[in-house]
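Order of the sequence lines sets the chain letters (A, B, ...), proteins ahead of strands, with each chain counted from 1. Side chains included, hydrogens not; waters and symmetry mates left out as well; all remaining heavy atoms used.
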Amino acid sequence: MVASQGKGQAQEIQATSIEILGACDPETYPLQKRGQDSKDKKTVTLPLEFLREKAHLRPRTNTFGAVLRIRHHMTFAIHKFFNDKGFFNLHSPIITGSDAEGAGEMFRVTTLDLNNLPKTPEGKINFEEDFFGKETNLTVSGQLEGELAALALSQVYTFGPTFRAENSNTPRHLAEFWMIEPEVAFNDINDNMNLAEDMLRYLVRYALEHCHDDVQFLNDTYDDKLVARLHSVIENPFARISYTQGVEILVEAMEKKKFEYKPEWGKDLQKEHENYLVEHFNGPVIVTGYPKDIKAFYMKLNDDGKTVRAMDILFPWIGEIIGGSQREDDYEKLLARINEMHIPQEAMWWYLETRKFGSCPHSGFGLGFERLLLFVTGMTNIRDVIPFPRFPKSAEF
RNA sequence: UCCUUCUUAGCUCAGCUGGUUAGAGCACAUGACUGUUAAUCAUGGGGUCCCUGGUUCGAGUCCAGGAGAGGGAGCCA
């Protein structure tokens, strides 16, 4: 190690011998040392679409090094946030026997011989002969288990893999993703919103403080508004509106703006509607009080009998980053909703018993971890914020 | 799943109204030069034009089907 004569560096190593531990043939190594159009940029990059096909090598790039480090720090920050608040981490099951939430298509888990399926006398598949003696799937949500834990430990959160077999081909969906689902006893919908907003703000601040160099690198390389956007989220409170107010704003906007889908009370907000609201408030928006018919059965019914205590947090470009609600804690009302929506009551027996045997108001929400990472890294495709993305027709690596 | 654009060298792309040997930049190799760091200069190697079929004397180019990718939408986190 000697003082350097060269510009832009203080020291340099003068090697007496070099040992090659693992050779790399430059003729066939797919990652070039230089990317395209490097003249106008501070840093050089290979196309992300190309790197997606080289998921075994892309962690070696500056970009994925930054993303994976940020991913780690965000994982840690989530545990720290909840631990510091006295929450307990709950390991909800990955294999589940119920499609309770109706959150989407599920992946079947089976050990049956697919080429020789056991049949019942009626000719249907006999799942009694399957490993668990019943139909089982990969989880789409740990919420229901989180709820029963919250009714015991008061404040819990899950943070685990989640699976959706939906044929979704978008830059915002994965078949396998990670979800954070806190659940808190005695929290109402407003406490729930406060917790969610505190958490998001905490996580963004944590990223700026602990991943400064990596965030700055991504800012300089891909999105020069990234750092400014992160600061904006920390500094400004989220707008909070009711679904009804949201529809009013959208209807009003129709005077000067054309929507492909007409905003109408009772219908779900379309992506273009969400985008408009986020632009309208120039930042994250929390929408509450959705019509009961477009939301899940477990959400607490408001006194008006028409809306439920649901809340969605909408982020710029990403859309829904968090979805949550106050839960229906009244046994009779919950049972009525289950029957109304034709959910098999017998599959829900244990969930119903949590209301039957000592209930209390409680609330929670789900945060899509990769969607959080989209926001924090400024990446625009969710397949670039998870090391090994799984999506329709793709489970390589 | 729907709409849309695309698929040509390792990468990014050009290739006209169909025409004979498919090009460029970068990357790579060799040589020269140089306290270099986006080096530079010279030379060179490198192609299943995504796949299948069709039209045609002739298809990278036109037609049909398929596969994959990007963007948008739906489903959602």
Side-chain angles (χ1 to χ4, degrees), chain A residues 2-14 24-54 57 61 101-106 139-143 158-182 196 200 259-261 267-275 290 294-296 310-315 317-325 364-375 380-386 389 391-394 396:
Chain A
V2 298
S4 177
Q5 305 170 29
K7 278 173 275 183
Q9 60 190 20
Q11 291 172 320
E12 61 188 42
I13 293 170
Q14 291 188 339
C24 180
D25 178 13
E27 196 80 49
T28 51
Y29 184 51
L31 304 187
Q32 300 174 16
K33 70 179 180 184
R34 272 219 302 280
Q36 301 298 318
D37 298 315
S38 53
K39 286 175 185 170
D40 302 321
K41 293 188 177 181
K42 277 192 195 175
T43 48
V44 294
T45 55
L46 291 162
L48 294 169
E49 292 87 355
F50 170 71
L51 291 174
R52 228 166 272 155
E53 294 168 6
K54 314 282 178 201
L57 297 172
T61 63
E101 208 186 344
E105 293 296 309
M106 304 178 91
T139 181
V140 293
S141 167
Q143 179 200 315
T158 69
F159 187 175
T162 310
F163 307 89
R164 304 274 166 92
E166 292 289 339
N167 191 10
S168 294
N169 293 286
T170 86
R172 288 177 292 275
H173 291 84
L174 290 166
E176 175 183 288
F177 63 100
W178 290 67
M179 190 152 65
I180 297 102
E181 294 181 288
L200 287 171
F259 291 117
E260 195 180 329
Y261 297 89
K267 289 191 176 168
D268 215 345
L269 297 178
Q270 302 293 317
K271 190 86 204 315
E272 57 175 348
H273 301 150
E274 295 179 355
N275 288 345
Y290 284 82
I294 59 172
K295 287 293 183 185
M311 64 152 199
D312 286 354
I313 302 189
L314 310 178
F315 259 45
W317 187 80
I318 295 164
E320 190 182 334
I321 196 169
I322 279 180
S325 67
F365 59 83
L367 166 70
F369 185 52
E370 283 76 17
R371 289 194 178 169
L372 171 75
L373 287 174
L374 282 178
F375 185 74
T380 54
N381 193 314
I382 203 161
R383 298 169 187 178
D384 295 332
V385 295
I386 188 167
F391 50 93
K393 299 275 154 57
S394 179
E396 195 63 58

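Separation of atoms CD1 (A:Ile386) and CG (A:Leu373) is listed at 9.0 Å; rounding is to 0.5 Å. Considering OH of A:Tyr261 and NZ of A:Lys271, their distance stands at 13.0 Å, rounded to 0.5 Å.
B:rA67 and B:rC11 are spaced 22 Å apart, taking the C1' atom of each and rounding to whole Å. Rounded to whole Å, the separation between the P atoms of B:rU52 and B:rG15 comes to 25 Å.
In this structure, A:Leu269 places its CG atom 14 Å from P of B:rA73, rounding to the nearest Å. Rounded to whole angstrom, the span from the CZ atom of A:Phe391 across to the P atom of B:rU1 amounts to 14 Å. Between A:Met311 atom CE and B:rA77 atom P there is a gap of 11 Å when expressed in whole angstrom units. In this structure, the CG atom of A:Leu31 is 11 Å from the C1' atom of B:rC11, given to the nearest Å. The distance from atom CD of A:Glu396 to atom P of B:rG68 is 13 Å, rounded to the nearest whole Å. In this structure, A:Asp25 atom CG and B:rA29 atom C1' are separated by 11 Å, rounded to whole Å. Rounded to whole angstrom, the span from the CD atom of A:Gln270 across to the P atom of B:rC2 amounts to 19 Å. At whole-Å resolution of the value, CZ in A:Phe50 and P in B:rC26 are 18 Å apart.
Where A:Lys295 and A:Glu53 each meet RNA chain B at their nearest nucleotide, the meeting point lying more 5' is that of A:Glu53. Of the two residues contacting RNA chain B, namely A:Lys271 and A:Trp178, the nearest-nucleotide position lying further toward the 5' end is that of A:Lys271.
A:Leu174 comes within 4.0 angstrom of a nucleotide base, judged by non-hydrogen atoms across all strands. Here A:Tyr261 lies in heavy-atom contact (under 4.0 Å) with sugar-phosphate atoms only. Residue A:Leu372 is out of contact with every strand shown, counting any heavy-atom pair closer than 4.0 Å.
The partner of B:rU34 cannot be assigned: no Watson-Crick or G-U wobble pair with both contacts below 3.5 Å exists in any strand.
Proximity of A:Arg383 to the phosphate of B:rG70: a side-chain N or O atom is located under 4.0 Å from OP1 or OP2. For the pair A:Asn169 and B:rG74, the criterion of a side-chain N or O lying under 4.0 Å from OP1 or OP2 is not met.
Counting only heavy atoms from C-beta on, A:Glu166 has its side chain closest to B:rC75 among B:rC75, B:rG74, B:rC76. Checked against B:rG71, B:rG68, B:rA77, the side chain of A:Pro171 finds its nearest nucleotide in B:rG71. In the set B:rG74, B:rA69, B:rA73, B:rA73 carries the atom at the smallest distance from any side-chain atom of A:Asn275. When distances run from any side-chain atom of A:Pro47 to the nucleotides B:rU12, B:rC75, B:rG72, the shortest one goes to B:rU12. Distances were taken from every side-chain heavy atom of A:Thr170 (C-beta onward) to each of B:rG74, B:rC76, B:rA69; the shortest belongs to B:rG74. For A:Ile382, whose side chain is taken as the heavy atoms from C-beta onward, the closest listed nucleotide among B:rG74, B:rA77, B:rC75 is B:rA77.
Under a 4.0 Å N-O distance rule, the pair A:Asp312/A:Lys295 qualifies as a salt bridge.
Results of the side chain to side chain contact (heavy atoms under 4.5 Å, CB included) test with A:Leu374 over A:Asn381, A:Ile321, A:Ile318, A:Asp384 single out A:Ile318 as the only residue that passes. The ring pair (Phe, Tyr, Trp, His ring centres under 6.0 Å) with A:Phe369 is formed by just one residue from the set A:Phe159, A:Trp178, A:Phe177, A:Phe375; it is A:Phe159.
Once the 5.5 Å centre distance and the 30° plane angle are applied, the aromatic ring of A:Phe177 is found stacked with the base of B:rA77.
Residue-to-nucleotide contacts include no donor-acceptor pair under 3.5 Å from the side chain of A:Ser168 to the base of B:rC76. The base of B:rC75 is not paired with the side chain of A:Arg172 by any donor and acceptor separated by under 3.5 Å.
Two rings, from A:Phe391 and A:His173, have their centers 6.0 Å or more apart.
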